[in-house]
Amino acid sequence: MKTVGYAAHDSNAEMVPYHFERRALRANDVAIEILFSGICHSDLHTVNGDWGPQPYPLVPGHEIVGRVIEVGPEVTQYKVGDNVGVGCMVDSCQECDQCHHHEEQYCRVGMTPTYGAPDRVDGTITQGGYSKHIVVREEFVLRIPDSLDMAKAAPILCAGITTFSPLRTWGVKEGSRVGVIGLGGLGHMAVKLAVAMGAEVTVLSRSTKKEADAKELGATGILASTDKAAMKKATASFDLIIDTVPVKHDVTAYAPLLDVDGTLVIVGQVGPMDEFMSVPLLMGRRRVAGSLIGGIKETQEVLDFCGEHNIHPECKIIRPDEVNDAFDVMAKGDISHRYVMDMSSLSV
């Protein structure tokens with residue numbers, strides 16, 4: 001299948017139109033015309049080579065919403081015309097204990113990311129959603145609920161599941177006290193989801209300048225990390241803190257905010273962290289943990305949850321030829337929305 005997308009050809013180059021071919025359908029494959037593709041901060045890190053050398057040319061994108069245009073003969077869950085999505089992974093071994101537990105992201109032999117990794121069957125490099133079409137095995141295709149706006153659903157497949165999974169894993173429910181560090185693309189979704197679960201949610205930030213935004217999303221307000229008196233007063237006031245900060249930082253100041261047996265979950269920074277003091281952890285049986293996206297079953301759960309509760313990410317819709325401008329904005333700092341590309345202007 002001939003298609004077109006936007007690709008980076010090296011770590012210093014802007015993304016440019018790139019014509020390439022998708023594989024012919026295997027028996028269990030679904031071919032999708034991509035209608036909307038979200039832009040994730042991790043796309044920026046990947047194409048820049050921040051996480052190591054990349055197999056350029058590279059088409060990023062793992063927040064994909066589209067429509068089925070063809071299915072293989074063994075496909076049973078989808079048919080032509082269905083509204084579907086593809087998230088951060090497109091394959092796993094399907095045989096290990098983690099895959100059997102529906103946590104393919106922790107596959108013992110490694111899941112296959114949506115872009116930049118060898119295909120498990122033929123070894124070709126996977127290419128992502130900044131393109132007109134994609135071919136994915138049935139088990140890694142997700143159903144988009146009719147109640148969701150297709151133009152705004154794509155970021156749920158990364159930002160949504162990345163924050164939903166720890167909320168579910170650590171049992172957030174009615175009355176839970178949740179803190180969210182940062183109000184960017186991940187943080188604003190964490191707030192919306194936790195509020196819908198019945199939690200009392202507070203945003204943690206360097207200042208209170210985004211307090212109106214936080215309250216509009218359903219949070220009680222903002223706790224400024226630079227306000228020492230307010231931070232001390234908030235000691236032991238959270239059951240769970242979701243840390244969405246995407247750069248190296250120190251979590252020492254936030255640990256005392258956790259109650260006994262409370263957990264701070266890192267979902268933003270991939271890489272080195274500053275050293276932190278162990279005293280607050282020891283004195284309150286507190287813990288620092290990490291969480292990586294979620295499995296396919298749980299990703300479908302967050303899509304259905306968002307459909308049921310009318311939760312959509314805050315999105316700015318752009319054309320594919322504006323992707324480099326979006327990358328520039330993301331590189332300069334925190335933004336409180338997700339960029340989503342309307343792929344209708346791409347033609348093969």
A.B. asks: Show the nearest heavy-atom pair for residues Ile317 and Ala151, with the distance to one decimal.
C.D. replies: CD1-O, 3.5 Å

A.B. asks: If the threshold is 4.0 Å, N to carboxylate O, is there a salt bridge linking Lys192 and Glu314?
C.D. replies: yes

A.B. asks: Looking only at non-hydrogen atoms, find the nearest pair between Arg22 and Gln127 and report the distance.
C.D. replies: NH1-O, 2.7 Å

A.B. asks: Starting at CZ of Arg137, measure out to CG of Asp119 and round the result to the nearest 0.5 Å.
C.D. replies: 10.0 Å

A.B. asks: Out of curiosity, does Val47 fall in the hydrophobic cluster containing Tyr6 (side-chain heavy atoms, cut-off under 4.5 Å, transitive links)?
C.D. replies: yes

A.B. asks: Return the CG to CD1 distance between Leu142 and Ile64, rounded to the nearest 0.5 Å.
C.D. replies: 10.5 Å

A.B. asks: Please report the C-alpha distance between Arg287 and Thr263 in whole Å, then the side-chain angles of each, then the deciding distance to 0.1 Å, and finally whether the side chain to side chain donor-acceptor pair (under 3.5 Å) criterion is met.
C.D. replies: CA-CA 5 Å; Arg287 63 186 69 86; Thr263 304; 2.9 Å; yes

A.B. asks: Who else is in Val270's hydrophobic cluster (ILVMFWY, side-chain heavy atoms under 4.5 Å, direct or via others)?
C.D. replies: Trp51

A.B. asks: Any chance you could lay out the side-chain contact (heavy atoms from CB on, under 4.5 Å) test for Leu193 and Ile311, step after step, and finish with the verdict?
C.D. replies: CA-CA 8 Å; Leu193 291 167; Ile311 296 173; 4.1 Å; yes

A.B. asks: Between the side chains of Asp82 and Lys79, is the shortest nitrogen-to-carboxylate-oxygen separation below 4.0 Å, so that they form an ion pair?
C.D. replies: yes

A.B. asks: I'd like to know if the side chain of Glu103 and the backbone of Gly295 have a donor-acceptor N/O pair within less than 3.5 Å.
C.D. replies: no

A.B. asks: Is there a side-chain contact between Pro155 and Met189 in this structure, where contact means two heavy atoms from C-beta onward sitting under 4.5 Å apart?
C.D. replies: no

A.B. asks: I need the full list of ring pair (Phe, Tyr, Trp, His ring centres under 6.0 Å) pairs touching residues 72-93, with sequence neighbours left out, sorted by first then second residue.
C.D. replies: none

A.B. asks: Where do Pro166 and Leu240 come nearest, in terms of heavy atoms and distance?
C.D. replies: O-CD2, 4.1 Å

A.B. asks: For the backbone of Ser165 and the side chain of Thr169, can you confirm whether one donor and one acceptor N or O come within less than 3.5 Å of each other?
C.D. replies: yes

A.B. asks: I'd like to know if the side chain of Ser92 and the backbone of Glu104 have a donor-acceptor N/O pair within less than 3.5 Å.
C.D. replies: no

A.B. asks: Would a distance-only check, ignoring hydrogens and angles, find a side-chain to backbone donor-acceptor pair under 3.5 Å from Thr3 to His133?
C.D. replies: yes

A.B. asks: With sequence neighbours excluded, give me every salt bridge (charged side-chain N to carboxylate O under 4.0 Å, His left out) pair touching residues 335-348.
C.D. replies: Glu63-Arg338

A.B. asks: I need the minimum non-hydrogen distance between Ser11 and Gly49, along with the two atoms involved.
C.D. replies: CB-N, 4.3 Å

A.B. asks: Quick one: salt bridge (charged side-chain N to carboxylate O under 4.0 Å, His left out) pairs with a partner in residues 162-182, sequence neighbours left out?
C.D. replies: Arg168-Glu301, Arg177-Asp239, Arg177-Asp259

A.B. asks: Quick one: does any side-chain atom of Ser237 pair with a main-chain N or O of Ala234 as donor and acceptor, under 3.5 Å?
C.D. replies: yes

A.B. asks: Mark yes or no for whether Lys152, through its side chain, and Cys315, through its backbone, hold a donor-acceptor pair below 3.5 Å.
C.D. replies: no

A.B. asks: Above 12 or not: heavy atoms from other molecules or residues under 6.0 Å from CG of Asp274?
C.D. replies: yes

A.B. asks: Output yes when a side-chain donor or acceptor of Gln269 lies under 3.5 Å from a complementary backbone atom of Pro272, and no otherwise.
C.D. replies: yes

A.B. asks: Residues in salt bridge (charged side-chain N to carboxylate O under 4.0 Å, His left out) with Arg285, at least two apart?
C.D. replies: Asp261

A.B. asks: Report yes or no: do Leu303 and Leu167 belong to one cluster of Ile/Leu/Val/Met/Phe/Trp/Tyr joined by side chain heavy-atom distances under 4.5 Å?
C.D. replies: yes

A.B. asks: Give the other cluster members for Val260, using side-chain heavy-atom distances under 4.5 Å between Ile, Leu, Val, Met, Phe, Trp and Tyr residues; answer none if it is isolated.
C.D. replies: none

A.B. asks: Can any side-chain N or O of Gln77 pair as donor or acceptor with the backbone N or O of Val75 at less than 3.5 Å?
C.D. replies: no

A.B. asks: Tell me whether Gln94 at atom CD has more than 12 heavy atoms from other residues, nucleotides or ligands lying less than 6.0 Å away.
C.D. replies: yes

A.B. asks: Strictly by ring pair (Phe, Tyr, Trp, His ring centres under 6.0 Å), give each pair with a member in residues 157-189 just once, sequence neighbours left out.
C.D. replies: Phe164-Phe305

A.B. asks: For a quick test of reading the model, state the closest non-hydrogen atom pair linking Thr112 to Ala117 and the distance between them.
C.D. replies: CG2-CB, 4.3 Å

A.B. asks: Should Leu183 and Val201 be regarded as members of a common hydrophobic cluster, given that ILVMFWY residues are connected when their side-chain heavy atoms come within less than 4.5 Å of each other, either directly or indirectly?
C.D. replies: yes

A.B. asks: Would you list the pairs meeting side chain to side chain donor-acceptor pair (under 3.5 Å) in which at least one residue belongs to residues 29-38, sequence neighbours left out?
C.D. replies: Arg23-Asp29

A.B. asks: Considering only residues two or more places apart or on different chains, which pairs with a residue in residues 193-220 satisfy ring pair (Phe, Tyr, Trp, His ring centres under 6.0 Å)?
C.D. replies: none

A.B. asks: Under the side-chain contact (heavy atoms from CB on, under 4.5 Å) criterion, do Val180 and Leu204 qualify, and how do the steps go?
C.D. replies: CA-CA 6 Å; Val180 176; Leu204 309 174; over 6 Å; no

A.B. asks: If hydrophobic clusters are built from ILVMFWY residues whose side chains come within less than 4.5 Å, do Ile296 and Val109 share one?
C.D. replies: no

A.B. asks: Report, one line per pair, each donor and acceptor closer than 3.5 Å where one atom sits in a side chain of residues 245-258; sequence neighbours left out.
C.D. replies:
from	atom 1	to	atom 2	distance (Å)
His249	ND1	Val247	O	2.6
His249	NE2	Asp243	OD1	3.2
His249	NE2	Asp243	OD2	2.6
Asp250	OD1	Thr252	N	2.9
Asp250	OD1	Thr252	OG1	2.7
Asp250	OD2	Thr252	OG1	3.4
Thr252	OG1	Met277	N	3.0

A.B. asks: Side chain to side chain donor-acceptor pair (under 3.5 Å) between Thr202 and Thr220: does it pass, once the steps are laid out?
C.D. replies: CA-CA 6 Å; Thr202 303; Thr220 59; 3.3 Å; yes

A.B. asks: Taking Met341's backbone N and O only, do any of them form a donor-acceptor pair with Arg319's side chain (distance below 3.5 Å, no angle check)?
C.D. replies: no

A.B. asks: Between Asn324 and Met15, is there a donor-acceptor pair closer than 3.5 Å when you use the side chain of the first and the backbone of the second?
C.D. replies: yes

A.B. asks: Between Arg67 and Val84, is a side-chain contact (heavy atoms from CB on, under 4.5 Å) present by the stated rule, with each step listed?
C.D. replies: CA-CA 6 Å; Arg67 188 164 293 123; Val84 295; over 6 Å; no

A.B. asks: Would you mind listing every salt bridge (charged side-chain N to carboxylate O under 4.0 Å, His left out) that reaches into residues 214-238, with sequence neighbours excluded?
C.D. replies: none

A.B. asks: Atom CE in Met197, atom NE2 in His309: separation rounded to 0.5 Å?
C.D. replies: 8.5 Å

A.B. asks: To the nearest 0.5 Å, how far apart are SG in Cys158 and CD1 in Ile39?
C.D. replies: 12.5 Å

A.B. asks: Where is the tightest heavy-atom contact between Met89 and Phe140, given as atom of each residue plus distance?
C.D. replies: O-CD2, 3.6 Å

A.B. asks: Apply the test side-chain contact (heavy atoms from CB on, under 4.5 Å) to residues Val30 and Leu25: give CA-CA distance (whole Å), side-chain angles for both, the deciding distance (0.1 Å), then the verdict.
C.D. replies: CA-CA 7 Å; Val30 177; Leu25 266 69; over 6 Å; no

A.B. asks: When rounded to the nearest 0.5 angstrom, what distance separates CG in Asn28 from CD in Glu138?
C.D. replies: 7.0 Å

A.B. asks: Rounded to the nearest 0.5 Å, what separates atom CZ in Arg120 from atom SG in Cys93?
C.D. replies: 6.0 Å

A.B. asks: In terms of hydrophobic clustering (I, L, V, M, F, W, Y; side-chain heavy atoms under 4.5 Å; direct or indirect links), are Ile266 and Ile242 co-clustered?
C.D. replies: no

A.B. asks: Sequence neighbours left out, what pairs pass ring pair (Phe, Tyr, Trp, His ring centres under 6.0 Å) with at least one residue falling in residues 100-130?
C.D. replies: His62-Tyr115

